[in-house]
*Asks:* 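Before anything else, here's the structure in question.
Every heavy atom of this structure was used, including side-chain atoms; hydrogens, water molecules and symmetry mates were not. Counting starts at 1 for both ligands and their atoms, following the listed order.
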Amino acid sequence: MASRPPVALDVGPDGIAEIRFAAPAKGPPTLTVEAMGAFRRILSELARRGDVRGVLLVSEAPGAFLAGADLKEMAEILSGPDPGSRVRTLAAEGQGVLLELERLAPPTVAVIAGACLGGGLEVALACRHRVAASGPLTRLGLPEVKLGILPGLGGTQRLPRVVGLSRALGVILAGRDNLSAEEALRIGLVDALVPVEDPVAGARAFLARLRPGPPRRARPPLLLRLLEATPPGRAWIFRRAAAAVAREARGLYPAPPKALAAVRAGFATPGPRGYEEEARLVGECAATPVAHHLVSLFLRSRSSGNEALERMEGPPPEAREAAVLGAGLMGSGIAHLLASRGIPVAMRDVSPALVAKGMAAAARIVREDARRRRLPRRDGEALLRRIRPRTDLLGLGRADVVIEAIVEEVEAKRKALAEAEGAAPARGRPPLLATNTSTIPIREIAAALRRPGRFLGLHFFHPVRRMLLVEVIPGPATEPEAVAEAVALARRLGKVPVIVADRPGFLVNRLLGPYMAEAGLLLEEGADPGELDAALRDFGMPMGPLELLHEVGVGTAKKAAAVLLGAYGERWEASKLLAELDPTVPLMKGERGRRRPDRATLEALRARVAAGKPPRRDLPRLEMRERCVLALVNEAAHALADGIVASGSDLDLAMVLGTGFAPWTGGPCAFADARGLGAVVRDLETLAARHGRRFRPAPLLGDLAAKGGSLAGFAPGRPSR
Ligand code: NAD
């Protein structure tokens, strides 16, 4: 059977043409090279015909208009020869196609229902009008800079002309992908809203109402318009944007400054030069390893865990009801997450006051979302009603999935989970049981259960709503169906599941162990705490190690450190200073965003543990960064050799999503590969000569270096049991 063309043209007897983007077998329609070719032929035909009164651009995919460039194609180009000039050429060709769209004589209307992102929005921007289906499915944006590139099909040229300079910069430089239809209407990105039930009919009615003359849509407020109308005003806007970009991209991400340059090239003097610059600059971005890393991470994040699903015959059964044990920091976050995806959940704690505290925490998240207009108030109320506070076992019997997030004590967890197991009905499918433990081996908890095949670790990270990673940790008896159900659940909750072996600290905390310990050892040597945090922020970490320790909580971190040292202490060295930290004394002072480590407390501790050794006040940032990062990279190699995850690229994905490990690097393994594994081994040996055995290179690094292998590409196979 011949496959359907990706784009087709239908002209009705009323003279209204529909350009239809076909729904591919999987995922939303994208602008593949083939689709762009078909699109161009259709536009040429339309330009020749004299019988068309109006043109609608519609998508046949439910829930998506056009999701932008095809990222699989993009990833192949980025890892192929000369990606810079290939992308530049493709961008210039695509710009040509959209210019033909822009020049069509009849009015053109993009009918946006669902995702309209990147190249998809650039197509819509080349139409004279845009209408969007109201409701939560519609999302517009230009997320390119998040992938290390920039909008290359005229987005940097057309968006500022449609919504004004400031607002366009806000969308392009932040890589926003979440403008709602309502917000798009408010800023003039779309001309009208159409009913979600039948957007095409709405668009036809819009077309019938159109009067000649320039489109009428919302404009920026007067003050902004005045500012943007004068050269000094524009210069001020560009200066401010450049400063913000420099602050946030830290010179690590080439795309935002280049996107800014592309906007600047075309804003004052519209014409071909702006488009040429845009194509040239997107080519420059594509030639950087950062683009390659960010696109690969994105693609991996979408397929992660597939291996568990592919082993099954069909999709695993969907959870209809859930229960969460523990209404603390994590339990309340997990209950909120489940409820936010429409899953009713019983949340249990040991006293009414504690459950009420958990409910209040969930309500705080809802209020914050309402304030930021991410969630209509009514939906927030419905969400909270889906969480049923409990102190007894009621509600547990109906749950298809039970997630335990109580205190980190093995006996308590065994008891709570065995109780949940006992509360399940005797007939039917037993519920999936999961623990959110950070440090207790899954096998130890499993030993107390009657059906350990239905049990596994499901490790969320704090704060649950923001951190995308979930470690899925099968125990020795966990059945493949249970793993598949956990993977499917994590996806349904909008998270990225990575399957991790049942080893102490699992993956993320194990790798953070030596990184944090090194930070502590640096402090003992006399490193300035503020400098230490800054050194790792400069490297691209979202926060320094002390800020991270403060966020995680000193008490929690000490507990984790004890477990990790028990398991890997032969290779590691503990930090006395961290061990002596008092969990009840805050490590940082000041408000979030302006927090600084409490120097006096840390200095007093240093003096105590250093036993008279004079402090090294001149420790350079580069040395601090090298030591912390290489300690983590070395442990990554040990963990891979242990079979902790299926591949180095899984490890990279988990570290970027679970800790924010400098995304520009592509993750710890890609970072090591970029330096060269031979060089990493030499650098570790130099550090080992100075600081001792903790820096002795993991044997895998030397082995791979000798074979010319790669750490990111290293695949020990399935995570070992
Ligand atoms: P928390 O102290 O905030 O909450 C634990 C809650 O469990 C308390 O409200 C407690 O009253 C309740 N509880 C104790 N026994 C119970 C029982 N038998 N039934 C029902 N509730 C019971 O702790 P937390 O930070 O939310 O951590 C919970 C779990 O998640 C721990 O296993 C922890 O290791 C893990 N975890 C924590 C983090 C983190 O950053 N805090 C991250 C990932 C995983």
*Asks:* Which of the atoms in ligand 1, numbered in the order shown and given with their element, are less than 4.0 Å from a heavy-atom of R348?
*Replies:* 20 (C), 21 (N)

*Asks:* Using a strict threshold of under 4.0 Å (side-chain N to carboxylate O), is an ion pair present between K558 and D582?
*Replies:* no

*Asks:* Considering only protein heavy atoms, which is closest to atom 34 (O) of ligand 1, and at what distance to one decimal place?
*Replies:* E408 OE1, 2.8 Å

*Asks:* Looking only at protein heavy atoms, which one is nearest to atom 26 (O) of ligand 1, and how far off is it?
*Replies:* M330 N, 2.8 Å

*Asks:* At less than 4.0 angstrom from any non-hydrogen atom of G326, what atoms of ligand 1 do you find?
*Replies:* 7 (O), 20 (C), 21 (N)

*Asks:* Among all protein heavy atoms, pick the one closest to atom 40 (O) of ligand 1 and tell me residue, atom and distance.
*Replies:* H462 CB, 3.3 Å

*Asks:* Give the residue and atom name of whichever protein heavy atom lies nearest to atom 36 (N) of ligand 1, and the separation in Å to one decimal.
*Replies:* S438 OG, 3.2 Å

*Asks:* Test of understanding: given a 4.0 Å heavy-atom threshold, classify the contact between K413 and ligand 1 as side chain, backbone, both, or neither.
*Replies:* side chain

*Asks:* Is the closest side-chain donor-acceptor distance between S647 and S649 under 3.5 Å?
*Replies:* yes

*Asks:* Whether R595 and E551 form a salt bridge (side-chain N of Lys/Arg under 4.0 Å from carboxylate O of Asp/Glu) is what I want to check.
*Replies:* yes

*Asks:* Taking the basic N atoms (NZ, or NE/NH1/NH2) and the acidic carboxylate oxygens, is any pair closer than 4.0 Å for R250 and D538?
*Replies:* yes

*Asks:* Do K559 and E408 meet the salt-bridge criterion of a basic N to acidic O distance under 4.0 Å?
*Replies:* no

*Asks:* One thing to verify: whether R627 and E518 come together as a salt bridge, which I'm taking to mean a side-chain N less than 4.0 angstrom from a carboxylate O.
*Replies:* yes

*Asks:* Of all residues at least two apart in sequence or in a different chain, which pass the ring-ring contact (aromatic ring centres under 6.0 Å, His included) check with F661?
*Replies:* F539

*Asks:* For R377, does the CZ atom have more than 12 heavy-atom neighbours from other residues, nucleotides or ligands under 6.0 Å away?
*Replies:* no

*Asks:* I'd like to know if R429 and D400 make a salt bridge, using a cut-off of under 4.0 Å between side-chain N and carboxylate O.
*Replies:* no

*Asks:* Under 4.0 Å from a heavy atom of V350: which atoms of ligand 1 are those, numbered in the order shown and with their elements?
*Replies:* 11 (O), 16 (C), 17 (C), 22 (C)

*Asks:* Can you tell which part of F461 has a heavy atom less than 4.0 Å from ligand 1: side chain, backbone, both or neither?
*Replies:* neither

*Asks:* Can you find a side-chain donor-acceptor pair between R491 and N306 that sits under 3.5 Å?
*Replies:* yes

*Asks:* May I ask you to identify the nearest protein heavy atom to atom 22 (C) of ligand 1, giving residue, atom name and distance to one decimal place in Å?
*Replies:* I406 CG2, 3.3 Å

*Asks:* Can you tell me which residue and heavy atom of the protein come closest to atom 35 (C) of ligand 1, and the distance to 0.1 Å?
*Replies:* N436 O, 3.3 Å

*Asks:* What protein heavy atom sits nearest atom 23 (O) of ligand 1, and how far away is it?
*Replies:* L329 N, 4.6 Å

*Asks:* Do D349 and R390 meet the salt-bridge criterion of a basic N to acidic O distance under 4.0 Å?
*Replies:* no

*Asks:* Give me the nearest non-hydrogen protein atom to atom 10 (C) of ligand 1 as residue plus atom name, then the distance to 0.1 Å.
*Replies:* D349 OD1, 3.4 Å

*Asks:* Give a yes/no on ligand 1: does A412 have at least one heavy atom closer than 4.0 angstrom to it?
*Replies:* no

*Asks:* Are any of the protein's heavy atoms under 4.0 angstrom from atom 4 (O) of ligand 1, yes or no?
*Replies:* yes

*Asks:* What atoms in ligand 1 come closer than 4.0 Å to a heavy atom of L354?
*Replies:* 11 (O)

*Asks:* Which bit of H459 is near ligand 1, meaning a heavy atom under 4.0 Å away: side chain, backbone, both or neither?
*Replies:* side chain

*Asks:* Considering only heavy atoms of T437, which atoms of ligand 1 have at least one such atom less than 4.0 Å away?
*Replies:* 32 (O)

